[in-house]
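Both backbone and side-chain heavy atoms feed into the values below; hydrogens, waters and symmetry mates do not. Owing to the predicted nature of the structure, the values given are computational and were not obtained by experimental measurement. The first residue in the sequence is number 1, and the count goes up from there.
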Amino acid sequence: MSAHDSGSVPQPRRIAVVHDWLDTWGGGENVLAEILRAYPEADLYALVDFLSEAQRAALGGRRARTTFLQRIPGARRRFRLLLPAFPRAIESLDLAGYDLILSSSHAVAKGVRTGAHQVHVCYCHTPMRYAWDLRDQYLAQTDLARGVRGTVVNRLLDRVRDWDRATSTRVSAFIANSAFVRERIARCYGRDAVVIPPPVDTVYFTPESGRGAGADRDYYFAASRFVAYKRLDLVAAAFAALPQARLVVAGAGPEEARIRAAARSNVEFVGHVSRERIRELLRGARAFVFAAEEDFGILPVEAQACGTPVIAYGQGGARETVRPLGTEHPTGLLFAEQSAAAITRAVLRFEAERARIDTARCRIQALRFTTARFVAAYTDFVERTWQAAQAGR
């Protein structure tokens with residue numbers, strides 16, 4: 001039964017769900033999976049779809065209807081380099097036959113063409129960071145920052161940013177995944193948004209029976225993709241100044257050599273690990289260390305769901321998901337600047353005050369972000385937006 005099958009008899013309607021692209025699985029795909037479960041009659045669209053069959057199972061086996069980018073030779077490995085073509089590609093999708101459009105967007109999905117008769121609700125993970133906040137990183141990663149190429153690409157990204165701002169008017173209502181993103185939506189698009197945090201699997205991520213905050217938690221843990229903005233290099237460098245402390249790092253990516261170069265012998269790299277291993281490592285850690293400025297940040301909440309405190313950079317989503325020392329019922333500690341020295345000081349303070357953090361309170365904090373709460377809030381907002389549009393006609 002879909003979300004709108006209860007209450008009054010629903011009007012017949014066709015629904016399209018639009019996601020940016022499908023090639024790996026992350027927090028955005030968790031949101032997409034729950035949207036599709038709530039609206040199983042919807043058709044799925046994306047720029048490209050290269051999911052493995054195992055990953056696709058979480059979408060009920062669905063395969064997205066895609067754009068011309070799917071057919072470009074080598075697109076599976078390098079489609080992100082085609083960013084300047086993303087606006088034209090997403091606008092090529094023909095959604096004229098749908099009544100309700102639900103987009104899950106961190107790039108261009110919210111820019112699909114819509115008509116006056118259509119209702120478009122966008123779950124915005126962030127305004128497109130390639131065009132706004134992370135442009136320099138994108139250019140550096142694609143080796144396009146220098147010379148004539150850099151000038152040309154910067155002009156193209158200016159055009160993408162202008163398109164991103166202009167197409168925000170195609171959205172009937174915005175949902176932000178955090179108050180931090182709500183502020184960015186207001187700044188970039190001049191639009192308001194309701195905040196609905198993304199779903200966290202608190203049924204899977206649970207404390208290990210019998211494990212408390214005792215001495216058996218003999219390591220700190222950090223995990224993410226090894227990309228520049230995650231700042232794992234700072235975490236590794238911070239533990240170089242803490243030779244008596246042990247750090248375990250999970251993940252892989254283009255920044256691996258630089259992160260390893262910052263580490264000393266007390267840092268153990270375990271590579272890309274399974275979801276089961278992530279849960280095991282979260283359950284056994286003294287604290288989860290997180291240095292990124294994230295729009296929301298799923299892993300710090302998963303850590304708390306396992307009863308593990310969080311030491312995080314005090315900007316972005318972490319300010320909304322971690323209760324810092326100095327507040328009632330703290331679940332972690334926030335540090336004020338992205339530097340190795342700040343992380344080192346934070347770990348030392350955590351060691352001095354960790355007895356003030358109750359692992360049971362960490363779990364309670366995580367339960368604010370359950371899948372059930374997400375689905376209830378999301379479907380309620382979509383249905384109220386739909387009904388208000390119908391009443392307005």
Side-chain angles (χ1 to χ4, degrees), residues 200 202 204-224 231-232 234-250 263-268 270 277-292 294 297-370:
V200 178
T202 55
Y204 183 82
F205 289 96
T206 59
E208 184 177 359
S209 178
R211 186 189 292 272
D216 61 320
R217 292 176 177 259
D218 65 351
Y219 62 89
Y220 290 86
F221 181 48
S224 77
R231 303 317 312 263
L232 278 174
L234 298 181
V235 178
F239 277 79
L242 297 164
Q244 303 307 312
R246 179 183 169 215
L247 173 69
V248 176
V249 180
R264 298 294 181 267
S265 59
N266 60 330
V267 178
E268 177 186 358
V270 296
R277 181 61 173 150
I278 286 285
R279 180 175 64 176
E280 180 184 355
L281 288 165
L282 286 173
R283 285 173 166 175
R286 292 174 80 80
F288 180 71
V289 185
F290 191 72
E294 285 281 19
I298 293 286
L299 267 167
V301 185
E302 291 174 342
Q304 291 171 91
C306 291
T308 296
V310 175
I311 299 171
Y313 177 47
Q315 295 295 326
R319 295 179 64 179
E320 302 169 49
T321 62
V322 179
R323 295 182 61 84
L325 284 168
T327 63
E328 186 178 16
H329 307 310
T331 64
L333 185 155
L334 300 178
F335 52 91
E337 64 181 38
Q338 281 180 311
S339 70
I343 298 170
T344 299
R345 291 193 297 269
V347 173
L348 291 172
R349 184 184 173 198
F350 174 81
E351 285 295 327
E353 301 187 47
R354 66 191 293 258
R356 296 175 55 200
I357 299 175
D358 182 354
T359 59
R361 287 290 178 181
C362 294
R363 174 71 181 173
I364 291 169
Q365 174 71 358
L367 292 176
R368 296 174 53 215
F369 306 100
T370 64

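- Of the N and O atoms on the side chains of Thr331 and Gln304, at least one donor lies less than 3.5 Å from an acceptor on the other residue.
- Atom CG of Leu333 and atom CZ of Phe350 lie 8.5 Å apart (nearest 0.5 Å).
- Taking 4.5 Å as the limit, every side-chain heavy atom of Val249 sits out of range of all side-chain heavy atoms of Val235.
- Two residues are said to be in side-chain contact when any heavy atoms from C-beta on lie closer than 4.5 Å; Arg217 and Thr308 meet this criterion.
- Taking 4.5 Å as the limit, every side-chain heavy atom of Leu281 sits out of range of all side-chain heavy atoms of Phe288.
- Comment: Glu280 engages Arg277 in a salt bridge, judged by a side-chain N to carboxylate O separation of less than 4.0 angstrom.
- In terms of heavy-atom proximity, Ala250 sits nearest to Ile278 at CB-CD1, 4.2 Å.
- Closest of all the heavy-atom pairs between Thr344 and Ala238 is OG1-O, 3.0 Å.
- Cation-pi geometry between Arg345 and Phe335 is not satisfied (NZ or CZ under 6.0 Å from the ring centre, within 45° of the ring normal).
- Within 6.0 Å of CZ on Arg246 lie more than 12 heavy atoms contributed by other residues, nucleotides or ligands.
- Between Leu242 and Leu247 the shortest side-chain heavy-atom distance does not fall below 4.5 Å.
- A donor-acceptor contact shorter than 3.5 Å links the side chain of Gln338 to the backbone of Ala291.
- Residues Ala222 and Leu232 share a closest heavy-atom pair of CB-CD2, 3.8 Å.
- Annotation: the span from Tyr220 atom OH to Ile343 atom CD1 amounts to 12.5 Å, rounded to 0.5 Å.
- Note: Arg361 CZ to Arg356 CZ = 14.0 Å, rounded to the nearest 0.5 Å.
- Considering only heavy atoms from C-beta on, Glu351 comes within 4.5 Å of Arg286 through its side chain.
- Side-chain contact between Thr202 and Phe369: absent, with no pair of heavy atoms (C-beta onward) separated by less than 4.5 Å.
- With no hydrogens or angles considered, a side-chain donor-acceptor pair links Arg283 and Thr206 at under 3.5 Å.
- You'll find the side chain of Val310 stays beyond 4.5 Å of the side chain of Val301, heavy atoms only.
- Atom CD of residue Gln244 and atom CZ of residue Phe239 lie 12.5 Å apart, to the nearest 0.5 angstrom.
- Heavy atoms only, all atoms of each residue included: Ala340 and Ala237 are closest at CB-CB, 3.8 Å.
- Under the side chain to side chain donor-acceptor pair (under 3.5 Å) criterion, Gln315 pairs with no residue, sequence neighbours left out.
- Residues meeting the side chain to side chain donor-acceptor pair (under 3.5 Å) test with Glu302, sequence neighbours left out: none.
- Within the 4.5 Å cutoff, the side chain of Arg354 has no heavy atoms near those of the Pro309 side chain.
- What you find for Leu334 and Gly314 is that their closest heavy atoms are CB-CA, 3.9 Å.
- Between the OG atom of Ser224 and the CG atom of Leu299 there is a distance of 8.0 Å, given to the nearest 0.5 Å.
- Closest heavy-atom contact between Ala318 and Ala312: CB-CB, 4.0 Å.
- Taken to the nearest 0.5 Å, the CZ atom of Phe221 stands 5.5 Å off from the CG atom of Leu282.
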